[in-house]
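When reading the values below, keep in mind they use all heavy atoms of this one structure, side chains included, and skip hydrogens, waters and symmetry mates.
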Protein chains: 2
Amino acid sequence: MVTKQFRGSPKEADLTRADSLAREIFSDIANKWALLIIEALGERTLRFGELRNEIEGISHKMLTQNLRMLERNGLVERSVHPTVPPRVEYTLTEPGQALRETVNGMCGWTGQYLGHIEASRRRFDA
Amino acid sequence: MVTKQFRGSPKEADLTRADSLAREIFSDIANKWALLIIEALGERTLRFGELRNEIEGISHKMLTQNLRMLERNGLVERSVHPTVPPRVEYTLTEPGQALRETVNGMCGWTGQYLGHIEASRRRFDA
DNA sequence: CAGCATCCCCAGAGATACTG
DNA sequence: CAGTATCTCTGGGGATGCTG
């Protein structure tokens, strides 16, 4: 149950901790930039700049910020090649790949229901 | 491809439009409150207040805002019972249910990798 | 009870610039 | 090329109060 952070009973103290942690992680990851990064990486290894080009409209800052967060949570691996100029590459880890499956689902869903949604919007906006 | 909003070639004008729309929809939906609402609704029908209780920490404003957005995109159906006091119920539509499948995936993923993630965080924070 | 409007404020996002 | 830091400012989001 990710929707709840806390439960009432003190007996469930560790469940509560797990819930609260789960919710925290969910909140980290359930944001568009993080998910777009995961989607963009896919099975490839990409450099910082390549990612930046790949993801329309993301700023330098948002990209680093989200990459750090994903790295911290163990979803992406960051490898630095000490060349000059520097070359930094990002890859999805196994947990990252696993999450990517469901992100693919979301992307597929978006495509599949484009029509529905567009129509629904027109109805609603009237 | 949700990561790109626009493509270069003018020949792909309608693909471009579809991409840009897809990205817009993706950005709408890929935020924690929207996803938590979808998860909370599940197969049930819930009233506004029930949803508010169900989702730890969501504000009145965020809840209405996201519900409107989801309604506009045709993911939830809003039914008003003209009683007094008013009773407003929300249910997932078929597209909403379909998306919920993948959201369930994300929640499952979170639970499954809690350990990995917690460990990774400890490593990173050192 | 649910919705909308208003006010207000601070975190978050962009822009810019410097370093390894 | 990638990362970090600083500054600025906007708009997201909370709080409150009124209406149907």
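Both B:L114 and B:W109 belong to a common hydrophobic cluster when Ile, Leu, Val, Met, Phe, Trp and Tyr are linked at side-chain heavy-atom distances under 4.5 angstrom.
One can place CD of A:E89 at 12 Å from C1' of D:dC1, the figure rounded to the nearest angstrom. Put simply, CG on A:L67 is 17 Å from P on D:dC1, counting in whole angstrom units. In this structure, the CD1 atom of B:I58 is 14 Å from the P atom of C:dA2, given to the nearest Å. One can place CG of A:N31 at 11 Å from P of C:dG12, the figure rounded to the nearest angstrom. As a whole-Å value, the separation of B:N66 CG from C:dG3 C1' is 15 Å. Rounded to a whole Å, the CZ atom of B:F48 is 5 Å from the P atom of C:dG3. Whole-Å rounding puts the A:R52 CZ to C:dA13 C1' distance at 13 Å. For A:L46 and D:dA2, the CG to P distance is 11 Å, given to the nearest whole Å.
Across B:R68 and B:R78, no two heavy atoms sit closer than the pair NH2-NE, 3.5 Å.
Phosphate proximity of C:dA2 to B:R47: present, with a side-chain N or O under 4.0 Å from OP1 or OP2. Look at B:R87 and you won't find any side-chain N or O under 4.0 angstrom from OP1 or OP2 of C:dA2. Note on B:S59: a side-chain N or O is less than 4.0 Å away from OP1 or OP2 of D:dG14. For C:dG3, the OP1/OP2 oxygens have a side-chain nitrogen or oxygen of B:Y90 closer than 4.0 Å. The phosphate of D:dG3 has neither OP1 nor OP2 within less than 4.0 Å of any side-chain N or O from A:T64.
Counting non-hydrogen atoms under 4.0 angstrom, B:R68 reaches the backbone sugars and phosphates but no base. Within 4.0 Å (heavy atoms only), A:R78 reaches sugar-phosphate atoms of the nucleic acid but no base atom.
Of the two residues near DNA chain D, B:M62 and A:E50, the one whose nearest nucleotide lies more 5' is A:E50.
For B:K61, the side-chain atoms get nearest to C:dT6 when compared with the rest of C:dC1, C:dT6, D:dC7.
A:R44 pairs in a salt bridge (Lys or Arg N to Asp or Glu O under 4.0 Å) with only one of the listed residues (A:E54, A:E89, A:E39, A:E50), which is A:E54.
Side-chain contact check for B:I25 versus A:R121: some heavy-atom pair is nearer than 4.5 Å.
Ring orientation note: the planes of A:H116 and A:Y113 are nearly perpendicular, at an angle over 60° on the 30°/60° scale.
Below the 3.5 angstrom threshold, one finds a donor paired with an acceptor across the side chain of A:H60 and the base of D:dG3.
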